[in-house]
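Worth knowing before you read on, the calculation uses all heavy atoms, side chains too, and leaves out hydrogens, waters and symmetry mates. Predicted model only: the values in this text are computed from it and were never measured. Labels below follow one simple rule: chain letters A, B, ... track the order of the sequence lines, proteins then strands, and each chain is numbered from 1.
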Amino acid sequence: MKPATLDPAYRIEEIRAQFPILKERVHGKPLIYFDNAATSQKPRRVIKAVSAYYATINANVHRGVHTLSNLATEAQEAAREAVRQHIHAKYAHEVIFTSGTTASMNLAASSLGQLLLKKGDEVLISGMEHHANIVPWQLACERYGAKLKVIPVTDSGELVIPGPTRNPGLFTDRTRILAITHVSNTLGTINPVKELVAQAKKLGIITVVDGAQAVPHMRIDVQDLGCDLYAFSGHKMYAPTGIGVLYGREELLEQMPPWQGGGEMIDQVTFEKTTYAKPPFKFEAGTPHIAGIIGLGEAVRWMQDYDLDAMAAHEHVLLEHATKELLTIDGLRIIGTAKEKVGVISIVIDGVHHYDLGTLLDQQGIAVRTGHHCTQPLMDRFGISGTTRVSFAPFNTIDEVDALVAATGRAVKMLKG
Amino acid sequence: MSSTLAQAQQEVVDEFAMLSDWQDRYEQLIEQGRDLPLIAPEHKLDENLVRGCQSRVWLHAELQDAALSTLSLPKGEGQNYAHNASTIHFTADSDALITKGIVALLVRVYNDRTPQEILGASTEFIDRIGLREHLSPNRANGLSAMIDQMKRYALAFSR
């Protein structure tokens, strides 16, 4: 681990100034926002881009011959290109816009299920998946008589990696799909996705990665990862809600059947037969969330302008400092102590319910997430009902972490009497 | 016990009005939880859990009538008891202290009232004691779910 020292060149005040919401007060106290893994706050540039779309070029895309329609289409496709560059996809048409990771996963599971799954086949996920990467596969498995298999999670919150000695037989000759999270939303664990994908590929297994918690924190290169599909949400990476992405390798997208039918996704429609448009439009039925797409494009440009590596390094300093300081609180333990983590800390405190802690932190102006974080099987794995999750963004400061530690101490004192 | 439900609400409002600091308000709330008539172990069942709370809340209600023996109704069932003077006795518990305090406040106000009183009661006193955030229709907090559940019991017992 790198030492927990702040980079003096890091432009924290400049970054903070770009998030209007940080001027808000909660219960009369300055907002300290540590719920970034649930949704990120939005830089002014993104808010402006969305507003400018509605104020100046609002029109439906791809259909009109008029000027506004052309401008809206250009702006949408420029955003697609920005996303392509950001994740280093080969082609812009490999970037499918969805409503978010959940929709991306439903698309993936529904379409791949139809394409690949037969009775007795297996889909392999992990024990730390978000419900969005569990339930769609369960539905697909039920439909085609396939089985869902799960990679176990260690006490430190790492995957038991398949390999000839460590976990033999994880991939079987019936495994068709590996669907795995890049970064755990609850534990912060960064999974060795590249290694897993490489093993799966050797066996001809299709690989799907849930990148919702990875894209906000690290450089993603889908070609380097080698996965077939990669899903993420806009709202966790400074873009509006209701917009997300499913990246897909061109050859696979060509083979995958469409998920939803409607306008935009067709080539020719007759009552006897419909032929479909090429990707990405085959998977984008109906009028897209144009404003969201434009906001996502701007969010991606914003991340590139502010140096993702510097932001990740800053978050890492916060993670180290918070881990060290929180552990000084009596009875506190951290769920998720993997060697490779993003800025997410899930805590439980003996004798303190996460709901009480979250409520008392809110009273002190601090926003955290409490509960099972849509990972109930993972909660069962650790024998807990929920955690209090602190998750960082590039605008968070060491002072805010210290305020959290003090506020947590105060809350524990109130609750334990 | 205060003579009317509205008076009991006012009493709670007055108690909290003296506490200007959030810390005192929440300490008072946690303190309230200690006075909650606890649900008997045999009723602390999953079927008595209030849906819609991030913490677990068990709520049980019994109809008590001076003239008859105490009757117990399974949750949500409207059996045909006609007891004009009968009152409802609630017992509850929660695994979170703040939630326990909130349910204790509700029980304190609604306990040993007739179904008609409970059904007719306003819940704005929660807002007036500075705990409005617990009323938001957020699935993390179950205050409105608790009130709904108490009113459902009242409705069932009033038929």
Side-chain angles (χ1 to χ4, degrees), chain A residues 24-32 34-35 37-39 131 186 331 346-376 379-380 383-389 403 406-417, chain B residues 16 19-36 38 44-46 49-59 92-106 126-146:
Chain A
E24 292 297 309
R25 296 178 82 81
V26 170
H27 299 298
K29 294 155 190 101
L31 167 68
I32 297 181
F34 283 144
D35 196 18
T39 197
H131 297 162
T186 302
S346 254
I347 62 171
V348 290
I349 303 175
D350 294 340
V352 172
H353 195 282
H354 49 80
Y355 175 77
D356 289 334
L357 179 56
T359 302
L360 296 181
L361 289 177
D362 173 63
Q363 287 295 318
Q364 301 174 75
I366 300 174
V368 294
R369 175 87 182 264
T370 60
H372 54 62
H373 318 298
C374 298
T375 54
Q376 283 179 354
M379 296 293 106
D380 293 343
I384 51 181
S385 67
T387 75
T388 301
R389 183 186 68 186
T408 304
R410 203 172 292 130
V412 169
K413 206 172 155 212
M414 285 175 69
L415 293 165
K416 286 190 175 177
Chain B
F16 275 83
L19 312 168
S20 54
D21 182 40
W22 72 270
Q23 211 160 333
D24 295 339
R25 270 203 313 278
Y26 275 87
E27 270 164 2
Q28 168 79 0
L29 196 57
I30 292 164
E31 196 57 41
Q32 289 287 318
R34 300 188 212 283
D35 300 331
L36 173 69
L38 278 185
K44 207 170 171 178
L45 306 168
D46 281 0
L49 278 172
V50 178
R51 302 282 157 208
C53 304
Q54 200 176 81
S55 49
R56 290 191 296 173
V57 178
W58 296 266
L59 183 68
D93 200 2
S94 172
D95 54 357
L97 294 181
I98 291 169
T99 315
K100 197 170 163 180
I102 292 170
V103 77
L105 277 185
L106 293 178
I126 296 290
D127 197 354
R128 287 165 63 202
I129 59 179
L131 296 171
R132 191 165 63 96
E133 61 266 30
H134 298 283
L135 273 175
S136 75
N138 185 326
R139 54 188 168 168
N141 63 62
L143 181 53
S144 27
M146 285 179 226

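- Within the 3.5 Å criterion, the main-chain N or O of Leu360(A) finds a donor-acceptor partner in the side chain of Gln364(A).
- In this structure, the portion of Ile30(B) lying under 4.5 Å from any heavy atom of chain A is its side chain and not its backbone.
- At least one side-chain heavy atom of Tyr26(B) sits less than 4.5 Å from a side-chain heavy atom of Thr359(A).
- At a threshold of 4.0 Å, the pair Arg389(A)-Asp35(A) counts as salt-bridged, since one of the basic side-chain nitrogens sits closer than that to a carboxylate oxygen.
- Only the side chain of Lys29(A) comes within less than 4.5 Å of a heavy atom of chain B; its backbone N, CA, C and O stay farther away.
- Taking CG from Leu105(B) and CD1 from Ile129(B), the interatomic distance works out to 5.0 Å, rounded to the nearest 0.5 Å.
- For Leu357(A), no part lies near chain B; criterion is any non-hydrogen pair under 4.5 Å.
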